[in-house]
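Reviewing the structure listed below.
Naming convention: chains lettered A, B, ... in sequence-line order (proteins, then strands); numbering from 1 in each chain.
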There are 2 protein chains.
Amino acid sequence: MVGIGMPICSSFCLSPAPTFKESELTAAETANVATRTDPAPQSELDLEHFLPYRLSVLSNLVSSAIASIYAERYALGMTEWRVLAVIGPSPGLTASEVVERTAMDKVAVSRAVDRLVKSERISRREDSNDRRRSRLRLTRQGRAVYAQVVPAALALEQRLLCSLSPADRQELDRLLDLLGEAAHRL
Amino acid sequence: MVGIGMPICSSFCLSPAPTFKESELTAAETANVATRTDPAPQSELDLEHFLPYRLSVLSNLVSSAIASIYAERYALGMTEWRVLAVIGPSPGLTASEVVERTAMDKVAVSRAVDRLVKSERISRREDSNDRRRSRLRLTRQGRAVYAQVVPAALALEQRLLCSLSPADRQELDRLLDLLGEAAHRL
DNA sequence: ACACTATAGTTTCATCTGAAACTATTTGCA
DNA sequence: TGCAAATAGTTTCAGATGAAACTATAGTGT
């Protein structure tokens, strides 16, 4: 489903403790604000420039900003919000299809669906062909929430992206795809 | 401490539901693989192209890959690993300085420190000037863990980054900085 | 029809999480 | 000095989390 033609990773990437020429460092240091964009020459770890850490902090910041949209006003958790967001445009999805699309945990989805059903935001109807499955769709109330939260979420995304030029955004998109593939193959 | 000269966000970024010319869409659609790098013209949300979601998925993937380095072999949780990683190069930090540097929760840090002290990876010594504070530093065992985990973590970072050209990495660094700033001002 | 395997979804359990309240100490100021 | 406010760190509590076990249904081969 993902990544057909992936670039080949050169050998040094797989070595446990890569070493690099010192000479490359000073050249890169002069390059603008950016540091650590060049191959890591040290075996010291500076958390603030460590990519996994930076991703985590950024992601948490953004997630909690998004959460502030739906958490207070609609008493939705992140998992519930995501389930809602996925079911909205695709009524009739099953829970496991939601799992596929959101990459969330099966248990988390199950519980989120439960809560959403209880709070009358989605309906759950047993599939007639396969009684293990349930088809999920938004209720009128669910659509109302969806209609309110989605524009706010998109607006927040825009507030993030508006610091980037159109070219930057395209670049970001490409880089995230590349990193996603790289991360996918562990 | 962060962000002195930040770019000004143009007005539409603050509007709750930005609208854009339809005409921009088709032009951008032709642009390579990338979609959604252009201003969102629709009020539909496609989770897979939604930046906050992509960041979250990527970050989780990467985090769990990193975790597999230290979790199994050293019985470290993510918070403990981070505390270790921060204290390592800066012996004598206090817990709240760790909080500042890691952007982690105060409680999480407190508990991580507790566990690390119990497992003899760090020592905690009351500050002589301020008896509320404790100075934290790695023990011999802590240094051993640090010395083993850090290279593995850096190697993993390299495996991620090796799908990017040097120019890409610099670009990534810049974009993450920009997004970080944007996220920081909510 | 029967047994075996796979899949959908739920429950259990042990752990992690963070907001709020709390203790202890220091700092600011009258 | 002495008292109010701030700070460092811990505890409490209520909920979120995910691995593993479980239930129920469907598919597959004999």
Side-chain angles (χ1 to χ4, degrees), chain A residues 56-57 59-61 63-68 70-72 74-83 86-87 92-119 122-137, chain B residues 56-57 59-61 63-68 70-72 74-83 86-87 92-119 122-137:
Chain A
S56 171
V57 170
S59 170
N60 287 344
L61 264 178
S63 285
S64 60
I66 294 272
S68 72
Y70 51 72
E72 309 156 1
Y74 304 96
L76 284 176
M78 189 192 64
T79 51
E80 283 148 274
W81 149 245
R82 284 188 182 169
V83 169
V86 168
I87 291 177
L93 285 184
T94 65
S96 35
E97 285 165 337
V98 172
V99 167
E100 279 171 28
R101 298 207 187 188
T102 58
M104 292 193 303
D105 187 82
K106 191 170 66 153
V107 181
V109 169
S110 173
R111 284 192 272 239
V113 165
D114 245 12
R115 283 189 292 260
L116 287 169
V117 168
K118 273 177 192 136
S119 60
I122 68 177
S123 68
R124 176 162 45 183
R125 225 187 53 218
E126 190 179 77
D127 184 304
S128 44
N129 295 332
D130 185 341
R131 287 188 309 177
R132 291 170 306 181
R133 298 164 194 257
S134 302
R135 300 278 164 194
L136 306 171
R137 53 196 83 234
Chain B
S56 171
V57 170
S59 170
N60 287 343
L61 264 178
S63 284
S64 59
I66 294 273
S68 72
Y70 51 71
E72 309 156 2
Y74 304 96
L76 285 175
M78 189 191 64
T79 50
E80 283 149 271
W81 149 244
R82 284 189 184 167
V83 169
V86 169
I87 291 178
L93 286 184
T94 65
S96 35
E97 286 164 337
V98 172
V99 167
E100 278 172 28
R101 298 207 188 187
T102 58
M104 292 194 302
D105 188 83
K106 191 170 65 152
V107 181
V109 169
S110 173
R111 284 192 273 237
V113 166
D114 244 13
R115 283 189 292 261
L116 286 169
V117 169
K118 274 178 193 136
S119 59
I122 69 176
S123 68
R124 177 164 43 184
R125 224 187 54 218
E126 190 178 78
D127 185 303
S128 45
N129 295 332
D130 185 342
R131 287 187 309 175
R132 293 170 306 180
R133 299 166 195 252
S134 302
R135 300 278 165 194
L136 306 170
R137 51 196 84 234

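- With contacts defined as side-chain heavy-atom distances shorter than 4.5 Å, the pair B/M104/B/V83 qualifies.
- We find the OG-CG distance between A/S134 and A/L93 to be 12.5 Å, quoted to the nearest 0.5 Å.
- Scored by the salt bridge (charged side-chain N to carboxylate O under 4.0 Å, His left out) test, A/D127 finds A/R135 as partners (sequence neighbours excluded).
- Within the structure, side-chain hydrogen bond (donor to acceptor under 3.5 Å, both in side chains) contacts touching residues 103-113 of chain A (residues at least two apart or in different chains) do not occur.
- In this entry the distance linking CG of B/D105 with P of C/dT17 reads 10 Å, nearest Å.
- Listed by residue number, there are no residues of residues 74-83 of chain A with a heavy-atom contact under 4.0 Å to DNA chain C.
- For A/R125, the salt bridge (charged side-chain N to carboxylate O under 4.0 Å, His left out) test picks out no residue, with sequence neighbours left out.
- In this structure, the separation between CZ on A/R101 and CD1 on A/I87 is 10.0 Å, given to the nearest 0.5 Å.
- As judged by a 4.0 angstrom heavy-atom cut-off over every strand, B/D127 is placed among residues making no nucleic acid contact.
- The salt bridge (charged side-chain N to carboxylate O under 4.0 Å, His left out) check on A/R132 picks up A/D130, with sequence neighbours excluded.
- In this structure, the separation between OG1 on A/T79 and CG on A/L116 is 8.0 Å, given to the nearest 0.5 Å.
- Taking atom CZ of B/R131 as the reference point, atom C1' of C/dT25 lies 7 Å away to the nearest angstrom.
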Item to check | Under 4.0 Å protein heavy-atom contacts per nucleotide of nucleotides 8-14 of chain C, with B for base, S for backbone only and - for none | outcome: SBBBB--

